[in-house]
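One structure is given here, and the rest of the page talks about it.
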Amino acid sequence: MTANTPVQGGPGHVAIIMDGNGRWAQKRGRPRLFGHQAGAKRVREIVRACPGLGVRYLTIFAFSTENWKRTQAEVSGLMTLFRRYIQREAQALLGEGVRVRFIGDRNRLDAKLVDLMDELETLTAGNDSVNLTIALNYGGRDEVARATKRLAQEVAAGRLDPETVDETTLARFLDTYVLPDPDLVIRTSGEARISNFLLWQSAYAEYEFTPVLWPDFTKDIFADIIGRYAGRERRFGAVLG
Ligand code: IPE
Ligand code: IPE
Ligand code: MG
């Protein structure tokens, strides 16, 4: 399978937990931020591979609500990297037909970064070849809690009848309300956990855990995983004939 072979029955929405940047740098005797820079370069390659593989939606985990626990130096280095990434990549993303969205809580992010995020969303709003969603200060539980708060406010204001609340009602209040659920969630670096990523949305996703560290994750590895996905049988709780 090469990166330009569209996959029959492939995943329309792939979500990736991009893990292993720190270990990649450590193996080279370099600071963790060097790994994050190498990881950012991979994002470009993977986004570009999506149209050829039939992936219309790509959601990537860039920074979790738990990642604030890291050293101040690493956190501020990452925030600088996010700002630079947006500034550097904006025109290329626009030209390649990529629509960019951000999910996560923007309240804790600095104003300059939030401005850049808003600008990139507006700039690329007319695109639709690939829908790239970047999860930044994102946590699945935090997202459900924020959604519940807004839902409760609607009830308190008399605009929503609690008797009518069901799964689709809650989903409308999530950051991902315009996105389909992920079909496939990939985690790099060998860890077999989801670390608070897309908890609600991944209820029936297929999972793929690869030992490859994120800065080593090539488009060919991506294509290979997507090719194997096509052979999986998804049952959604039913018995298939
Ligand atoms: C993933 O790589 C990137 C972020 C969480 C921002 P890590 O920084 O978690 O790398 P490891 O897991 O320490 O190798
Ligand atoms: C998950 O990776 C978050 C991102 C990839 C942004 P972590 O490295 O933060 O997850 P844990 O700490 O190993 O669970
Ligand atoms: Mg990690």
Side-chain angles (χ1 to χ4, degrees), residues 9-19 46-47 50 53-67 98-109 114 117-118 120-122 124-187 192-209 226 229 232-240:
H13 185 179
V14 179
I16 308 182
I17 303 172
M18 308 182 291
D19 197 16
I46 298 309
V47 173
C50 285
L53 292 167
V55 175
R56 291 283 315 276
Y57 291 85
L58 178 71
T59 300
I60 54 175
F61 205 2
F63 192 88
S64 78
T65 47
E66 287 70 39
N67 287 146
V98 181
R99 177 169 189 171
V100 184
R101 296 181 179 88
F102 291 90
I103 55 170
D105 186 359
R106 298 180 191 205
N107 286 325
R108 203 171 162 184
L109 300 172
V114 174
M117 290 158 63
D118 288 338
L120 186 58
E121 285 186 338
T122 307
T124 61
N127 282 346
D128 74 347
S129 88
V130 178
N131 290 271
L132 172 65
T133 301
I134 304 175
L136 219 169
N137 193 27
Y138 175 87
R141 287 184 171 182
D142 178 68
E143 179 191 34
V144 172
R146 285 185 289 105
T148 306
K149 183 174 174 178
R150 287 203 302 277
L151 189 153
Q153 285 165 345
E154 290 298 295
V155 170
R159 289 191 291 264
L160 181 63
D161 174 1
E163 285 304 320
T164 67
V165 173
D166 60 14
E167 291 182 15
T168 58
T169 320
L170 184 58
R172 282 207 310 272
F173 289 87
L174 295 172
D175 297 350
T176 53
Y177 66 101
V178 292
L179 305 176
D181 285 344
D183 300 297
L184 173 67
V185 179
I186 300 170
R187 183 175 187 142
R193 54 177 173 264
I194 57 172
S195 301
N196 206 7
F197 190 43
L198 300 177
L199 297 180
W200 172 281
Q201 299 85 345
S202 306
Y204 268 101
E206 297 289 322
Y207 282 90
E208 181 79 24
F209 299 99
I226 287 177
Y229 165 94
R232 295 186 181 194
E233 180 186 77
R234 297 177 77 191
R235 297 187 183 167
F236 300 99
V239 178
L240 301 183

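Since this is a predicted model, take the numbers as computed values, not measurements.
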Under the ring-ring contact (aromatic ring centres under 6.0 Å, His included) test, residues paired with F63 that sit two or more places apart: W68

Charged N-O contact under 4.0 Å between R146 and D175: yes

Minimum side-chain heavy-atom gap L120-F102 below 4.5 Å: yes

Euclidean distance, I16 CD1 relative to I60 CD1, rounded to 0.5 Å: 7.5 Å

Residue among T59, T124, L58 satisfying side-chain contact (heavy atoms from CB on, under 4.5 Å) with L132: L58

Shortest non-hydrogen contact between G12 and D183, atoms and distance: N-OD2, 3.0 Å

Straight-line distance of M18 CE to R187 CZ, nearest 0.5 Å: 11.5 Å

E233, CD: over 12 other non-hydrogen atoms inside 6.0 angstrom: yes

Non-hydrogen side-chain atoms of K149 and F173 separated by less than 4.5 Å: no

Side chain proximity check, Q201 to E143, heavy atoms < 4.5 angstrom: yes

From CZ (F61) to CG (L136), nearest 0.5 Å: 9.5 Å

Close side-chain approach of V178 to R101, heavy-atom, < 4.5 Å: yes

Pair R193 + E66: basic N to acidic O under 4.0 Å: no

V165 versus T169, closest heavy-atom pair with distance: CA-OG1, 3.5 Å

pair N131-R56: side-chain heavy atoms closer than 4.5 Å: yes

Student check: side-chain heavy atoms of V144 and L199 closer than 4.5 Å: no

Short side-chain to backbone donor-acceptor contact, R234 and Y204, under 3.5 Å: yes

Where W200 and A171 come nearest, the two heavy atoms and their spacing: NE1-CB, 4.1 Å

Plane angle bin for Y138 and F197 - parallel if under 30°, tilted between 30 and 60°, otherwise perpendicular: perpendicular

Those residues that, when tested against Y57, pass ring-ring contact (aromatic ring centres under 6.0 Å, His included) (two or more places apart): H13

Pairwise distance OG1(T176) to CG(D181) - rounded to 0.5 angstrom: 7.5 Å

Closest non-hydrogen atom pair between Y207 and S202, with its separation: OH-CB, 3.2 Å

L198 side chain near I103 side chain, heavy-atom distance below 4.5 Å: yes

side-chain hydrogen bond (donor to acceptor under 3.5 Å, both in side chains) between N196 and R141, worked out: CA-CA 7 Å; N196 206 7; R141 287 184 171 182; 5.1 Å; no

Straight-line distance of I226 CD1 to L53 CG, nearest 0.5 Å: 5.0 Å

N-O pairing of R172 and E154 below 4.0 Å: no

Minimum-distance pair of heavy atoms, taken over all atoms of I17 and I194: CD1-O, 3.7 Å

Closest approach of N137 to S64 (non-hydrogen atoms, all atoms of both residues): OD1-O, 4.2 Å

L160 side chain near L151 side chain, heavy-atom distance below 4.5 Å: yes

